[in-house]
Amino acid sequence: MKQMLKDFSNLLLVVLCDYVLGEAEHLLLGKPGHVALSNNTVSVDFQHFGGANGTLRNVSVLLLEASTNQTVTAKYLLTNQSQGTLEFECFYFREAGDYWFMMAPEAADNGTRVGHWEQSAFLKVEWPVFHIDLNKTSKAAEGTFQVGLFTHQPLCSFPADQPDILVDVIFTNSLPEARTSPGQPLEIRTSKRTELSQGQWLQFGCAPVGPEAYVTVVLKLFGRDSVITSTGPIDLAQKFGYKLVMAPELTCESGVEVMVLPPPCIFVQGVITVFKEAPRRPGERTIQLAENSLTLGERRTVFNCTLFDMGRNKYCFDFGVPSRSHFSAKERECMLIQRNIETWGLWQPWSQCSTTCGDGVRERRRVCLTSFPSRPGCPGMSSETSLCSLEECAAFQPSSASPLQPQGPGKSNNIVTVTGISLCLFIIVATVLITLWRKFGRAPKCSTPARHRGRCPRRTMPRAVRACSPTRRRSSRRCSATASPSSSSRR
C-alpha cells in the first residue's frame, strides 16, 4: 500500500511538473509489484527528450537486479521515440527480489552505458504462493508418503532453460520446543528434483526415526539458495492418526484380534485397552477389562474370549502412546462381540491307523464344552477322519497260532500255492533219502563158489567177507580143509 501511494505521488509530481514546465523525463510502472515465475509481463511507461537538436539515439531502459546490481536485460527505444510503453516478459523474473528500471542515454567513450538514477523505477518481485500437502500412499507401498505442491498462479512458459524445483524433506524425532536433552536431535534429510508445475505429487521414502516423526518440507529453486516456501515441522501422528482395524461384529471362539495401523514413517509402540460399553449412571466411569502392550514395531494383539460376557455386547478398544499428550481421532474403535455358552474344546490326538500296513483311516474327536451336556449346541462336527498310509504289505506272512479265519478268494489261492510247494519239497527229500539208503544201507551177499576139481579158487571169497548164508557153510568148511594142504606145501 505504501509503495502504491509512493508511485501515485511520483506520478502526480510528474504531471504537475509537466503541466508547469511543459516537459519532464520519467519511468513509470504499470504495477508496482510482480510475481516471479508467473506468466505476467511488466509494463514500463517512459517519457524522454533529447538534447538541443531534439534527436533521440540509442536510448535504452535497463532492468537490473538490485542485490547484485547486475543487468538482467536492456530494451532500446526507437529513434526519436520520446514516450511510450515497454513490455518486459515474464522469463526475465526467475527469482523473487528487488529490481530497478533505469533509463540510459547513448554509450560513453569507454562503451559502458550509465543509467540515470533520477530516471528510474523500483519493482518488488515476490514468489508465487505454493500450498504444500502430505498424503498417504497405497497399502502396497507401505513405508512411503507423498508430498503435494500446488499453486493457483499461472506459470511462465520459458522458451529455454526451464527452471526446476528442488524439494527438501527433513525428518526429526522431536519438536524444537520439546527437546530437553543437550545432544543433537536425530535429523535425516532427503531431496528430490522436479519440473516447475502448477500441481504435482512426489513420493518419498520414510526415514527410521522412531515412534514419533516430524516432517519439514522446503521448496527451493534448483541451483539457487532461494527458498520459495516451506512448511513444518508437521506431526505425522497428528496429521494422519492411528487406526484400529477389527471386525465390526464377530462370534468369539478363542480370542479377538486387534491390529493397529500407524501413520506413515512411524513405528507402533503403545498400549491397547478394552472397555465394555454399557449404560452407566451419570458420573460413573467405564471399567477397564484388560490392556495389552505393543512393543516397538508390533502391530497385532489378541484378547482372550474369557474377558467378555456371555451374550451379545458392545466393547471398545483404545490405543495410546505413553510419551504423547494428544492422540488422533482414530484412536478408538468399538465392536459387537457375541460369546456363546457352548464352545468346542481342543481336538484330541489322532487315533492309530486302522491297518498295520497299506492304506487305512484315522480319527480324532473334540468335546463340546457347555452348561447343558444333555443338549449340546456347538456348531460343527465333533469328529473328523483322514486317510493314513503305512508301509506296503509283504507277499508272504508266517502263520500264527490263532485259529484260521474265513479266507477270501485271494487268501485261498495263497494257501494252495504254499501247500503245493511244501509237497514238492517233501517228495524230493524222500527220494534223496531212499536213494542213499539203498546205496549204503544193505549188507553184501556171498558169491557162489566155483567148482574146480575139488579145489577152491584163490580169489573166490575175500577175507573181509564174513557174512555167508547157512546153506553154504559146508562148502566153506570144505574150502577151508582143501586150502590147508596147499598152504603148507607153499611154505
Side-chain angles (χ1 to χ4, degrees), residues 3-4 6-11 13-15 17-18 21 23-128 153-164 196 221-226 228:
Q3 185 65 33
M4 294 179 64
K6 181 179 178 181
D7 292 337
F8 180 74
S9 61
N10 291 338
L11 179 61
L13 181 61
V14 170
V15 172
C17 292
D18 188 31
L21 301 177
E23 62 178 16
E25 294 182 350
H26 64 270
L27 287 176
L28 292 176
L29 298 176
K31 294 181 180 180
H34 183 69
V35 178
L37 305 176
S38 68
N39 64 345
N40 297 327
T41 59
V42 177
S43 301
V44 179
D45 296 331
F46 67 90
Q47 181 171 319
H48 179 72
F49 296 96
N53 57 2
T55 303
L56 298 176
R57 294 178 181 273
N58 298 327
V59 178
S60 61
V61 177
L62 305 179
L63 173 60
L64 299 97
E65 189 176 353
S67 60
T68 60
N69 202 28
Q70 295 291 326
T71 301
V72 179
T73 187
K75 291 208 178 262
Y76 291 88
L77 305 182
L78 298 177
T79 303
N80 296 330
Q81 184 182 9
S82 60
Q83 61 182 1
T85 301
L86 293 177
E87 298 288 342
F88 287 82
E89 289 79 3
C90 60
F91 47 81
Y92 291 122
F93 307 96
R94 302 170 71 94
E95 290 187 73
D98 297 334
Y99 293 83
W100 285 100
F101 292 93
M102 299 180 61
M103 187 174 293
E106 293 179 327
D109 296 337
N110 57 3
T112 60
R113 188 175 292 271
V114 181
H116 291 237
W117 287 103
E118 62 274 10
Q119 301 172 6
S120 63
F122 176 79
L123 177 65
K124 181 72 173 179
V125 178
E126 298 179 349
W127 289 112
Q153 179 67 51
L155 300 177
C156 180
S157 298
F158 292 82
D161 193 16
Q162 174 83 10
D164 289 339
L196 181 65
L221 189 66
F222 181 77
R224 307 296 292 267
D225 294 333
S226 303
I228 300 175

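Shown here for V72 and Y92, the closest heavy-atom pair between the two residues is CG1-O, 3.8 Å. The two residues P163 and L221 come nearest to each other via the heavy atoms CB-CD1, 3.9 Å. Closest approach of S38 and C156 over heavy atoms only: O-CB, 3.0 Å. Residue K124 comes nearest to D98 through the heavy atom pair CD-OD1, 3.1 Å, listed as atom of the first residue, atom of the second, then distance. Heavy atoms only, all atoms of each residue included: P159 and F91 are closest at CD-CD2, 3.8 Å. Across every non-hydrogen atom of L123 and P32, the tightest pair is CD1-O, 3.4 Å.
Note that CG of N40 and NZ of K31 are 6.0 Å apart. Values are rounded to the nearest 0.5 Å. With rounding to the nearest 0.5 angstrom, the CG atom of L86 is 11.5 Å from the OG1 atom of T41. In this structure, CG in N39 is found 7.5 Å from CG in L155, a value given to the nearest 0.5 Å. Between atom CG of residue L63 and atom CE of residue M102 there is a gap of 11.5 Å, rounded to the nearest 0.5 Å.
With sequence neighbours excluded, the residues that form a salt bridge (Lys or Arg N to Asp or Glu O under 4.0 Å) with E95 are R224. Partners of D225 by salt bridge (Lys or Arg N to Asp or Glu O under 4.0 Å), not counting sequence neighbours: none found.
When ring centroids are compared, F88 and F101 come within the 6.0 Å threshold.
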Determine, step by step, whether F158 and L37 satisfy the side-chain contact (heavy atoms from CB on, under 4.5 Å) criterion, reporting the C-alpha distance in whole Å, the side-chain angles of both residues, the deciding distance to 0.1 Å, and the verdict. CA-CA 9 Å; F158 292 82; L37 305 176; 3.8 Å; yes
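A donor atom on one side chain and an acceptor atom on the other are found under 3.5 Å apart for S43 and E87.
Salt bridge E89/K75: present, at least one basic N to carboxylate O contact under 4.0 Å.
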